[in-house]
Amino acid sequence: MLLVILILGLAVSGYLVHRHPRRVSPATPTRDLHAVDAWQRGIRLDPRTDYSLTAAAREKLRREEERQRPQEGRN
């Protein structure tokens, strides 16, 4: 009896899934894409490479690197 209920349940589920048409998402409006493109073009990169660390920040970074010990595979 359980097997018959299982088979009927699968058949009904398959029928219901197959009966409903698949919903297709509407096309993305192009005006939104143009706004995103304009926004992305407005982002400027900082070409400076002379970022300098203070002595305290450099020491903190050295201690953190030593604590993690990447050469030993800790992180």
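Index from 1, following the sequence.
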Could you go through the salt bridge (Lys or Arg N to Asp or Glu O under 4.0 Å) check for E64 and R67 one step at a time? CA-CA 5 Å; E64 183 64 22; R67 183 186 68 81; 2.5 Å; yes
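When the side chains of ILVMFWY residues are joined at heavy-atom separations under 4.5 Å, either directly or via intervening members, V4 and I7 end up in two distinct hydrophobic clusters.
With salt bridges taken as basic N to acidic carboxylate O contacts below 4.0 Å, none links E65 and R62.
How far NZ of K60 is from OG1 of T54: 10.0 Å, rounded to the nearest 0.5 Å. Rounding to the nearest 0.5 Å gives a distance of 6.5 Å between CG of L3 and CG of L6.
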